[in-house]
Amino acid sequence: MSKRHWLFKSEPTAYSFEDLIKDEVAEWDGVRNYQARNMLRDDVKEGDGVLFYHSNTQPLAVVGTALVVRSGYPDHTAWDVHSEHPDPKSTPGSPIWYMVDLAPDKLFSNPVTRVFMMSNSFLSNMILLKKGTRLSIQPVTKEEFEEVVRMSNSIQ
DNA sequence: GCCAACGTTGGC
DNA sequence: GCCAACGTTGGC
């Protein structure tokens with residue numbers, strides 16, 4: 001089983017990369033989209049690499065990398081009526097929603113902006129850069145992951 | 001099972 | 001603030 005790579009979106013006003021650094025480990029809870037759920041439940045594994053992207057902000061950018069430190073497990077906030085995203089249909093006995101745990105890896109000294117990424121033809125197949133995609137958990141290739149890291153290092 | 005209405009995401 | 005692109009809901 002080789003390591004996979006992902007891109008996780010987060011609105012920094014809700015949860016930023018700085019928050020992740022402060023917290024050291026975060027339960028990536030609250031994902032309520034079936035496509036993203038399936039990846040969290042089945043495919044996102046401990047040790048996988050994550051590009052951490054800030055959405056709905058300025059500048060839009062990948063701001064660092066993170067590591068998956070726990071593979072998919074049931075999102076217990078779903079059956080907590082006081083949580084941000086309760087779902088009464090999900091129960092401990094038959095969970096619907098899943099999450100993983102993330103830890104920060106590298107904070108980019110220079111964020112890789114969406115505009116910069118769009119200028120790089122190597123990244124043209126990234127789901128993030130396609131029009132209208134709202135998926136908050138996305139697979140990226142090893143090459144795309146490494147290219148974004150390289151772009152960050154290339155910025156003066 | 002279809003599809004219109006509605007709500008949300010998120011770039012611009 | 002606008003609106004395109006989706007996902008979900010619910011009437012039929």
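The sequence lines fix the lettering, A, B, ..., with proteins before strands; numbering per chain opens at 1. Computed from heavy atoms alone, side chains included, the values below leave out hydrogens, waters and symmetry copies.
Sorted by first then second residue, the ring pair (Phe, Tyr, Trp, His ring centres under 6.0 Å) pairs that include residues 50-109 of chain A, not counting sequence neighbours, are A:Phe17-A:Phe52, A:Trp28-A:Phe52, A:Tyr34-A:Trp97, A:Phe52-A:His54.
Side-chain atoms of A:Asp19 and A:Ser16 form a donor-acceptor pair, as typed in the model, at a separation below 3.5 Å.
Other residues, nucleotides and ligands contribute over 12 non-hydrogen atoms within 6.0 Å of the NZ atom of A:Lys130.
By the criterion of side-chain heavy atoms lying less than 4.5 angstrom apart, applied directly or through intervening Ile, Leu, Val, Met, Phe, Trp or Tyr residues, A:Phe116 is grouped together with A:Val140 in one hydrophobic cluster. Using a 4.5 Å cut-off between side-chain heavy atoms of Ile, Leu, Val, Met, Phe, Trp and Tyr, with links allowed through other members, A:Ile127 and A:Met39 fall into different hydrophobic clusters.
Protein chain A contacts DNA chain C over a range whose 5' and 3' limits, counting nucleotides with an atom under 4.0 angstrom from a non-hydrogen atom, are C:dA4 to C:dT8.
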